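Only one structure is covered here, and it is reproduced in the block below.
Values below: all heavy atoms of this structure, side chains included; hydrogens, waters and symmetry mates excluded. Everything numeric in this text was worked out from a predicted model, so none of it was measured.
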Amino acid sequence: MNYNEKEADDEWEWYIGQIFARIINKVHKSSIKNVIEIAPGFRYKIAYALKEIGFNGNLYIIDNNAEVLGYVNEKYEEILPNAKIICINKNFENAFEDTPDEFDLLLSNHCVDDMIISEYMKNYYNDNMNDENFRDILTEAWKRLGKNIKEVNEISSHIFLVFQKFFESKKISIIIMSQYKSNLYFKDEFKEMDEITEECFQRIRKLVTMDDEYINKVLDFFPFGEDERYRGQYLLDNTQNAKNWIVGEYKNT
């Protein structure tokens, strides 16, 4: 079994999925026929979100790892039996022509960090995802990258421009992306990944018209009710804080 697959926590997948579903329901009022998801990895939070809103349209999933797409295709078909799953095995920047020119939702959970480190590690990232020491390999790669400010800036700028070009070339009703900090950041194990990613994400965020006050009201809810694990300040300041989300339309200025 793949390392990433073993690490999936179904309760957490469902929880984040509920947040996405609530945001979708509050900001997209018309029917949803075409959706694009960027880089899910071995995760299925977006599938749970789309299940919650009763989605039965076309879902385009972009990921440059064929094994990821094999897993995602099977998992998403299980969760979304009435949707059409269209897998695109390419890097995001090479997949523009494989996606519709107009669509309802662009969704992504925690993709910017993966895009940054994949760009830095090149083929080594995909080729070693099954390595039992993959977490350690990633950690060391982030630490090395963090010491090279010039390369950080080059990669971040490149990824920002990819998103800008995509937003400009497509007609997207609503963009919804999250990039909350990892547990590793709060455990002080290492901070390079979240700090580098934060800067890039905030640049992308400025491309979208965003109402932080309204989104924070939308995020003020608790899918697990009184479960104290999901009601702490950690979540309010992280997964349920508008600063870690992009929700809105491309400014097109």
Side-chain angles (χ1 to χ4, degrees), residues 9 11-30 32 35-40 43-55 103-116 156 159-160 163-164 166-167 172-187 191 193-253:
D9 179 342
E11 185 177 277
W12 182 257
E13 300 295 294
W14 183 87
Y15 163 69
I16 298 296
Q18 298 308 296
I19 296 177
F20 269 92
R22 181 173 171 87
I23 294 173
I24 293 169
N25 280 327
K26 294 293 185 181
V27 301
H28 195 287
K29 301 300 183 182
S30 59
I32 299 173
V35 176
I36 294 177
E37 180 182 4
I38 305 170
R43 298 293 183 265
Y44 44 93
K45 299 173 181 71
I46 299 299
Y48 272 147
L50 294 175
K51 177 182 179 180
E52 183 69 19
I53 67 171
F55 176 72
F103 54 96
D104 301 294
L105 294 172
L106 176 68
L107 304 176
S108 185
N109 180 73
H110 235 269
C111 80
V112 177
D113 55 326
D114 289 338
M115 293 175 72
I116 290 172
S156 294
I159 290 172
F160 166 79
F163 275 99
Q164 184 178 46
F166 188 76
F167 294 166
I172 312 168
S173 296
I174 296 291
I175 299 161
I176 305 176
M177 297 172 57
S178 69
Q179 192 65 51
Y180 44 84
K181 287 185 172 58
S182 68
N183 283 327
L184 295 173
Y185 180 88
F186 292 101
K187 292 178 180 178
K191 295 184 180 293
M193 176 176 70
D194 292 285
E195 291 174 348
I196 293 169
T197 302
E198 169 76 6
E199 188 276 335
C200 184
F201 183 75
Q202 292 303 322
R203 288 183 67 188
I204 297 168
R205 197 171 185 266
K206 292 178 182 178
L207 295 171
V208 176
T209 302
M210 177 101 181
D211 184 343
D212 284 7
E213 183 177 355
Y214 176 69
I215 296 303
N216 272 326
K217 290 179 181 178
V218 172
L219 292 170
D220 186 19
F221 85 116
F222 302 94
F224 283 106
E226 298 301 319
D227 190 329
E228 293 183 359
R229 295 174 302 156
Y230 292 89
R231 296 184 68 89
Q233 196 65 32
Y234 163 79
L235 291 181
L236 294 177
D237 289 340
N238 194 31
T239 57
Q240 291 183 237
N241 191 316
K243 69 181 181 181
N244 296 321
W245 290 81
I246 296 172
V247 182
E249 302 177 10
Y250 175 52
K251 288 181 180 178
N252 196 25
T253 57

Point to revise | Side chain proximity check, Trp245 to Val218, heavy atoms < 4.5 angstrom | key: no
Review point. Would you call Asp212 and Arg205 a salt bridge, using N to O less than 4.0 angstrom?
Key: yes
Practice item. Under the side chain to side chain contact (heavy atoms under 4.5 Å, CB included) rule, what do Ile38 and Leu106 come out as? Steps first, then yes or no, please. Key: CA-CA 8 Å; Ile38 305 170; Leu106 176 68; 3.7 Å; yes
Review point. Taking side chain as C-beta onward, heavy atoms only, is Lys251 less than 4.5 Å from Leu207?
Key: no
Check your understanding: Which distance, rounded to the nearest 0.5 Å, do you find between the CG of Leu105 and the CD1 of Ile23?
Key -> 11.0 Å
Exercise for review: To the nearest 0.5 angstrom, please state how far the NZ atom of Lys45 sits from the OG atom of Ser108.
Suggested key: 10.5 Å
Check your understanding: Are any non-hydrogen side-chain atoms of Phe222 and Asp227 less than 4.5 angstrom apart?
Key -> no
Practice item. Measure the spacing between CD1 of Ile174 and NZ of Lys26 and express it to the nearest 0.5 Å. Key: 14.5 Å
Check your understanding: Quick one: does Asn109's side chain have a donor or acceptor within less than 3.5 Å of a partner on Ser178's backbone?
Key -> no
Review point. When you measure from the side chain of Gln179 to the backbone N and O of Thr197, does any donor-acceptor pair fall under 3.5 Å?
Key: no
Point to revise | For the student: nearest non-hydrogen atoms of Lys243 and Gln202, plus distance | key: O-NE2, 3.0 Å
Review point. What distance separates Ile53 CD1 from Ile32 CD1, expressed to the nearest 0.5 Å?
Key: 4.0 Å
Point to revise | Side-chain heavy atoms of Tyr48 within contact of Trp14, under 4.5 Å | key: yes
**Study point:** Minimum heavy-atom distance Met210-Ala242, with the two atoms named
**Key:** CE-O, 3.5 Å
Review point. Hey, what do you get for OH (Tyr15) to CG (Leu235), rounding to the nearest 0.5 Å?
Key: 4.0 Å
Point to revise | Results of side chain to side chain contact (heavy atoms under 4.5 Å, CB included) for Glu52 - residues two or more places apart only | key: Gln18, Ala21
Review point. Can you tell me if His110 uses its side chain to pair, donor with acceptor, with the backbone of Val112 under 3.5 Å?
Key: no
Exercise for review: Mark yes when over 12 heavy atoms from residues, nucleotides or ligands other than Glu11 sit less than 6.0 Å from its CD; otherwise mark no.
Suggested key: yes
Review point. Judged by atom type as modelled, is there a donor-acceptor pair below 3.5 Å linking the side chain of Arg231 to the main-chain atoms of Gly225?
Key: yes
Review point. What do the steps show when you test Thr239 against Trp12 for side chain to side chain contact (heavy atoms under 4.5 Å, CB included), and what is the final call?
Key: CA-CA 11 Å; Thr239 57; Trp12 182 257; 3.8 Å; yes
Check your understanding: Sub-3.5 Å donor-acceptor pair from the side chain of Gln240 to the main-chain atoms of Leu219, do we have one?
Key -> yes
**Study point:** Which residues share a side-chain hydrogen bond (donor to acceptor under 3.5 Å, both in side chains) with Asn25, sequence neighbours left out
**Key:** none
Review point. Between Val35 and Ile46, is any pair of side-chain heavy atoms under 4.5 Å apart?
Key: no
Point to revise | Under 3.5 Å: donor-acceptor pair, side chain of Asp104, backbone of Ser173 | key: no
Practice item. Could you tell me whether the side chain of Asn241 reaches within less than 4.5 Å of the side chain of Asn216, counting heavy atoms only? Key: yes
Practice item. Report the distance from atom OG of Ser156 to atom CZ of Arg203, rounding to the nearest 0.5 Å. Key: 7.0 Å
Point to revise | Check: Val27 and Tyr214 side chains under 4.5 Å, non-hydrogen atoms | key: yes
Review point. Would Asp194 and Tyr180 count as having a side-chain donor-acceptor pair, cut-off 3.5 Å?
Key: no
Review point. Does any non-hydrogen side-chain atom of Gln164 lie less than 4.5 Å from one of Tyr250?
Key: yes
